[in-house]
Amino acid sequence: MTTDTTNRMDVAFRQLKEQGRAALIPFLTVGDPDLETTLAIIKELEAAGADMLELGVPYSDPLADGPVIQRASARALKGSIHVRTCMETALKARQAGSELPFILFTYYNPVLQMGLDTFFAELNNHEISGLIIPDLPVEESEDMRSRSREAGVNLIPLVAPTSSERIAKIVSGASGFVYCVSSLGVTGERASFHVGVDEFINSVRQATDLPVAVGFGISTGEQVARFASICDGVVVGSAIVRKVEDVIPLLDNPDTRSEGLLQIREFVAQLRPSK
């Protein structure tokens with residue numbers, strides 16, 4: 001186990017609890033629009049107040065992702081981005097000075113294609129603190145949970161509002177934190193959330209001692225504040241990926257690149273929850 005990697009997420013949540021605030025956890029599609037820009041965006045997100053970062057592995061059939069992230073994946077795949085590329089990006093960001101805990105968000109097939117032994121051997125070496133595999137049901141996750149524990153990487157489960165009687169089973173093998181899905185369906189910006197989402201989140205909190213984060217559809221500072229009051233972390237994905245998409249013309253032009261990066265930083269800064 002690599003102490004820096006294993007404990008970085010736990011330390012972050014402990015410090016946030018002492019500060020009385022929830023974690024802001026942005027999501028990025030690695031390689032959108034290119035790897036150099038992804039590294040620059042990571043730096044901007046940290047400067048904007050991000051506490052952790054989900055690094056999305058682009059995938060051609062992303063069942064949990066809405067159109068915004070699907071388009072980002074399509075752009076990234078043109079650059080032949082794969083699981084190892086995303087790990088290497090995390091390591092490069094760390095070598096450039098980033099202190100963020102990195103969470104790899106990937107579907108199961110790319111992991112299987114890489115080979116489970118190789119995949120888990122490389123996670124620590126590339127400074128990955130957590131792992132989310134949205135298409136891995138808890139009933140088929142024992143091998144992954146065992147390998148994650150051995151590698152010292154947090155395997156973070158998704159819990160949906162429809163999980164009901166399965167909540168206790170899903171969270172029993174979790175580590176790092178539990179990811180509550182705020183709405184049914186795929187990712188994407190929303191004006192409203194699943195009816196009963198507060199009761200759902202409370203039921204998850206009662207089932208685990210781990211921090212609880214919420215994501216899917218959260219896109220504004222007001223929505224972040226709303227969930228930060230009842231959770232330990234808030235994930236914002238599609239809204240940030242859309243912002244990246246909006247400023248690609250600026251990012252692609254050397255004369256306006258810094259302005260594009262600044263716009264991303266300012267957008268994320270206004271999402272950051274206060275105490």
Side-chain angles (χ1 to χ4, degrees), residues 24-83 85-86 88-90 92-93 98 100 102-107 110 132 134 181-183 185-193 214-224 234-272:
L24 175 61
I25 310 174
F27 170 97
L28 279 182
T29 300
V30 176
D32 176 35
D34 57 68
L35 287 175
E36 181 182 355
T37 304
T38 294
L39 286 167
I41 293 172
I42 291 172
K43 183 177 180 179
E44 296 299 327
L45 297 184
E46 189 160 11
D51 298 293
M52 304 176 194
L53 180 61
E54 286 186 25
L55 296 174
V57 179
Y59 188 51
S60 59
D61 188 23
L63 61 87
D65 293 319
V68 172
I69 295 177
Q70 287 182 29
R71 291 196 301 269
S73 287
R75 290 190 295 269
L77 287 170
K78 291 179 181 178
S80 300
I81 307 301
H82 47 76
V83 174
T85 313
C86 296
E88 291 169 351
T89 299
K92 288 178 181 178
S98 176
L100 295 175
F102 294 124
I103 303 161
L104 194 70
F105 184 107
T106 182
Y107 292 89
I132 298 174
V181 176
S182 67
S183 306
V186 297
T187 60
E189 298 155 84
R190 288 177 173 84
S192 61
F193 299 91
V214 64
F216 277 53
I218 300 169
S219 59
T220 68
E222 292 77 12
Q223 291 173 347
V224 171
V234 183
V235 180
V236 182
S238 293
I240 295 173
V241 175
R242 182 188 294 277
K243 186 63 181 180
V244 173
E245 181 177 58
D246 289 345
V247 301
I248 284 177
L250 297 176
L251 297 172
D252 286 345
N253 185 337
D255 293 333
T256 57
R257 181 178 174 82
S258 60
E259 172 60 24
L261 292 171
L262 178 61
Q263 287 190 27
I264 295 170
R265 182 199 292 200
E266 290 177 341
F267 178 77
V268 174
Q270 59 87 24
L271 295 172
R272 192 170 188 259

task: Report yes if some heavy atom in the side chain of Ile25 is under 4.5 Å from a heavy atom in the side chain of Val236; otherwise report no.
output: no
query: Any sub-3.5 Å donor-acceptor pair from Thr256's side-chain atoms to Leu250's backbone N or O?
result: yes
query: Looking at CG of Asn253 and CD1 of Ile248, how far apart are the two atoms once the value is rounded to the nearest 0.5 Å?
result: 13.5 Å
field: Gap between atom CG of Leu55 and atom OG1 of Thr38 - 0.5 Å precision
entry: 8.5 Å
Residues in salt bridge (charged side-chain N to carboxylate O under 4.0 Å, His left out) contact with Arg257, at least two apart in sequence or another chain: none
task: Report the C-alpha separation of Leu28 and Ile240 in whole Å, then their side-chain angles, then the decisive distance to 0.1 Å, and conclude whether the side chain to side chain contact (heavy atoms under 4.5 Å, CB included) test is met.
output: CA-CA 7 Å; Leu28 279 182; Ile240 295 173; 4.2 Å; yes
field: Note, Val235 side chain near Ile218 side chain (heavy atom, < 4.5 Å)
entry: no
message: Distance check, rounded to the nearest 0.5 Å: Thr29 atom OG1 versus Gln70 atom CD?
response: 10.5 Å
- prompt: Are Phe102 and Leu104 close enough, and set up right, to give a side chain to side chain contact (heavy atoms under 4.5 Å, CB included), and what steps lead you there?
  reply: CA-CA 7 Å; Phe102 294 124; Leu104 194 70; over 6 Å; no
task: Would you confirm whether Glu245, through its side chain, and Val241, through its main-chain N or O, come within 3.5 Å as a donor-acceptor pair?
output: no
query: Would you say the side chain of Leu45 lies within less than 4.5 Å of the side chain of Pro26, judging by non-hydrogen atoms?
result: yes
query: For Val214, does its backbone N or O pair with a side-chain atom of Ser182 as donor and acceptor, under 3.5 Å?
result: no
message: How long is the straight-line distance from CG of Leu53 back to CD1 of Ile41, given to the nearest 0.5 Å?
response: 10.5 Å
Let me check something: any side-chain donor-acceptor pairs from residues 260-267 under 3.5 Å, sequence neighbours excluded? List them with distances.
residue : atom : partner : partner atom : Å
Gln263  : NE2  : Glu259  : OE2          : 3.1
Arg265  : NE   : Glu44   : OE1          : 2.7
Arg265  : NH2  : Glu44   : OE1          : 3.2

task: Please test Ile132 against Ile103 for side chain to side chain contact (heavy atoms under 4.5 Å, CB included), starting from the C-alpha separation and ending with a verdict.
output: CA-CA 7 Å; Ile132 298 174; Ile103 303 161; 3.8 Å; yes
- request: Could you pull out the closest heavy-atom pair between Val30 and Ile81, with the gap in Å?
  value: O-CG2, 3.7 Å
Heavy-atom closest pair, residues Ser73 and Pro58: OG-CA, 3.6 Å
query: So do the side chains of Leu24 and Val268 get within less than 4.5 Å of each other, counting heavy atoms only?
result: yes
- prompt: Between CD1 of Ile69 and OG of Ser238, what distance do you get to the nearest 0.5 Å?
  reply: 4.0 Å
message: Taking salt bridge (Lys or Arg N to Asp or Glu O under 4.0 Å) as the cut-off, I'd like each qualifying pair that reaches into residues 24-36, sequence neighbours left out, listed once.
response: Asp32-Arg75
query: How long is the gap from CG on Asp51 to CZ on Arg272, to the nearest 0.5 Å?
result: 6.0 Å
- request: Anything under 30° is parallel, anything over 60° is perpendicular, the rest tilted; go ahead and classify Phe27 against Phe105.
  value: perpendicular
- prompt: Quick check: does any side chain N or O of Thr106 sit under 3.5 Å from a backbone N or O of Val57, one acting as donor and the other as acceptor?
  reply: no
- prompt: What's the shortest heavy-atom distance between Pro254 and Asp252, and which atoms?
  reply: CD-O, 3.6 Å
Worked check of side chain to side chain contact (heavy atoms under 4.5 Å, CB included) between Glu46 and Leu100: CA-CA 7 Å; Glu46 189 160 11; Leu100 295 175; 3.7 Å; yes
